[in-house]
S.K.: 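Here you go, one structure.
In what follows, chains carry the letters A, B, and so on, assigned in the order in which the sequence lines appear, proteins first and then strands, with residues in each chain numbered from 1.
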Amino acid sequence: MQDLAVALESITRVHGVRGAMVVSVSDGLVVAESLMEDIDGAPIAALTASLATRLRRTTEAAGRRQPTFLHLRADTGTVLAVPSSGDLLVVAIGEQDVNVGLARLEMLHLAERGI
Amino acid sequence: MRALEPWVEAPLATFLAESSARLTLLMTSAGQVVAQHGFTRAFDVMSAAALGAAIMASTDELARLMEVPAFHALSHQGAHYGLFLSGFDTPRGRWIGLVVFGPESSLGLVQLFFQRMVADLVTVAPGPEPTGQVLGEDFEDELNASLRTLFGQ
Amino acid sequence: MSLVNFTAREITCKIVYYGPGRSGKTSNLQYIYSRVPEGRRGRMVSLATKGDRTLFFDFLPLELGTISGFATRFQLYTVPGQVYYNATRKLVLQGADGVVFVADSQARRFDDNLESLQNLQENLLGHGVDIRDLPIVYQYNKQDLPSDLILSPGELDDALNFRGVKSYGADCLSGNGVFETLRGISELVLKRLAAGSPVA
Ligand SMILES: Nc1nc2c(ncn2[C@@H]2O[C@H](COP(=O)(O)OP(=O)(O)OP(=O)(O)O)[C@@H](O)[C@H]2O)c(=O)[nH]1
Ligand SMILES: [Mg+2]
């Protein structure tokens, strides 16, 4: 767990990232988190996990196997997600000017490392 | 979906739509059904409510015995279905929600939208029901007739 | 308290069968279950140990039909009679609209009846209910046993029934008195509703 928290910090250090979480996809719960105080992780975890499940079904139905990176752009920021092997999802919440490329790299790094 | 009182319907409908729960049951802490979705037989609803209220009551009692604060919610995870059980206070007294969900939902989603439903229910709940006379004075004949049919006598 | 719904015109009442271990509480429900037409009853739920001792409760929902324009349902519960299950016994008692006290008529079980009655009073008080305010009837079960082993309903009334509530001699194996007992408590509970007592 200590280890995971350290790994999440490599994501939150990226410019524009306001929080990062590891989420269990099947139960939509937070496994580990490193979030700015004003961010409530539980609803984001539940909804992102649900979204990731649906998107996986979509890409599978299209014969494209699994999504490897989700990038949701909203009016005032972004939500990024990277499915890891097994049941876990790495999620990052960012400002509008977040460095998506670097954030994605760190998230993939964590996901591939096997959480 | 079926609710004993109309004001319960909107918050419950939102919960059902958002959480994709398969079965949902709202009951009083004594196990009386207040609203339900997904059950087909009225009698099964009553049994589920009796059992759900019993689980909740024993959990509360366990917390008291161990001198820890009451547990807000508990969940059981089966191979295909999950069960979520949680007590909450309303202007109509303490109620319990029992939710069964499948793989199209998750404990996180159920928890999230359950909390919102509780907040909605508390907001729209009218005060305690007025007390008053319920049955007519002549109920005894009807009761006797009912009991005769019940026992075939 | 009874759940009364004026919109749907439904009444639901909770009746608890209380009494010492092995007095025949579960047998009451089993007999009722066996005699009531299928469309009028639900499944009987029994949370029991292997040896058929009630662990938590038995539960039997009954559809009484329409009374004074209200669809009326009764939910029958039993408690575990064994002394060390008091915590669960107390839980089941919560919210009861009426109690059937099932006593064991055997002379050698007399003290157990008395103890259970005291325990009922205590547990009700724990829920803030005075036993004198709650509809209650007594059933003196096992009246089928040889008369030298049992006390008669009259003797049991003298020894247990201080408040002079309605009492019924019964034998749950053949079903004698079971129906009368249920009728007795039903009347008391519904009378209370008719008198306009508070409903939840
Ligand atoms: N002879 C006789 N035996 C009875 C009668 N009623 C019940 N019994 C027997 O007494 C035993 C206990 O009956 P139960 O109905 O299980 O007793 P209970 O009150 O539910 O017991 P607990 O669950 O331990 O509290 C069983 O073996 C029954 O067959 C009766 O009227 N006459
Ligand atoms: Mg029993």
S.K.: What closest approach, in Å, do B/L4 and C/E10 show between heavy atoms, and which atom pair accounts for it?
M.R.: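 Closest pair (atom of B/L4, atom of C/E10, distance): CD2-OE1, 3.1 Å.
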
S.K.: With a 4.5 Å cut-off on heavy-atom pairs, point out which of C/F59, C/F56, C/F57, C/Y77 contacts chain B the most.
M.R.: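 Option with the greatest count: C/F59.
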
S.K.: Let me confirm one number: the CG-CD distance from C/L190 to B/E142, rounded to the nearest 0.5 Å.
M.R.: 10.5 Å

S.K.: Non-hydrogen atoms of chain C under 4.5 Å away: do they reach the side chain of B/N144, the backbone, both or neither?
M.R.: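 Looking at B/N144, backbone and side chain both touch chain C.
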
S.K.: Please check if the number of heavy atoms outside C/R132 that lie under 6.0 Å from its CZ is greater than 12.
M.R.: no

S.K.: Which atoms of C/R41 come close to chain B, meaning under 4.5 Å heavy atom to heavy atom: side chain ones, backbone ones, both, or neither?
M.R.: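 Looking at C/R41, just its backbone touches chain B.
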
S.K.: Of the non-hydrogen atoms in C/G95 and B/A30, which two are nearest, and what is the gap between them?
M.R.: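 Closest approach of C/G95 to B/A30: CA-CB, 4.1 Å.
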
S.K.: Picking from C/G69, C/P61, C/G65, which has the most non-hydrogen pairs under 4.5 angstrom with chain B?
M.R.: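 Maximum pair count with chain B is reached by C/P61.
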
S.K.: In terms of heavy-atom proximity below 4.5 Å to chain C, should B/V33 be classed as side chain, backbone, both, or neither?
M.R.: backbone

S.K.: After noting the C-alpha distance and the side-chain angles of C/R43 and B/D44, does the key distance pass the side-chain contact (heavy atoms from CB on, under 4.5 Å) rule?
M.R.: CA-CA 7 Å; C/R43 247 173 267 181; B/D44 292 340; 3.3 Å; yes

S.K.: If you look at every heavy atom in B/M46 and C/Q75, which pair is closest and at what distance?
M.R.: SD-NE2, 3.3 Å

S.K.: Any chance NE2 of B/H72 has more than 12 other-residue heavy atoms, nucleotides or ligands included, within less than 6.0 Å?
M.R.: no

S.K.: Counting only non-hydrogen atoms closer than 4.5 Å, does C/T72 touch chain B with its backbone (N, CA, C, O), its side chain (CB onward), both, or neither?
M.R.: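 For C/T72, there is no contact with chain B at all, as no heavy atom is under 4.5 Å.
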
S.K.: Quick one, B/L51 and C/L47 - any side-chain contact, counting heavy atoms below 4.5 Å?
M.R.: yes

S.K.: Look at the side chain of B/S146 and the backbone N and O of C/L64, then say whether any donor-acceptor pair between them is shorter than 3.5 Å.
M.R.: yes

S.K.: Examine whether an atom of C/V45 lies under 4.5 Å from a heavy atom of chain B, and if so say whether it belongs to the side chain, the backbone or both; otherwise answer neither.
M.R.: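 The side chain, not the backbone.
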
S.K.: Go through B/A145, B/A54, B/A53 and name the one with the most non-hydrogen pairs under 4.5 angstrom from chain C.
M.R.: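 It is B/A54.
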
S.K.: Which atoms of B/T28 come close to chain C, meaning under 4.5 Å heavy atom to heavy atom: side chain ones, backbone ones, both, or neither?
M.R.: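 Side chain of B/T28 only, per the 4.5 Å heavy-atom cut-off to chain C.
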
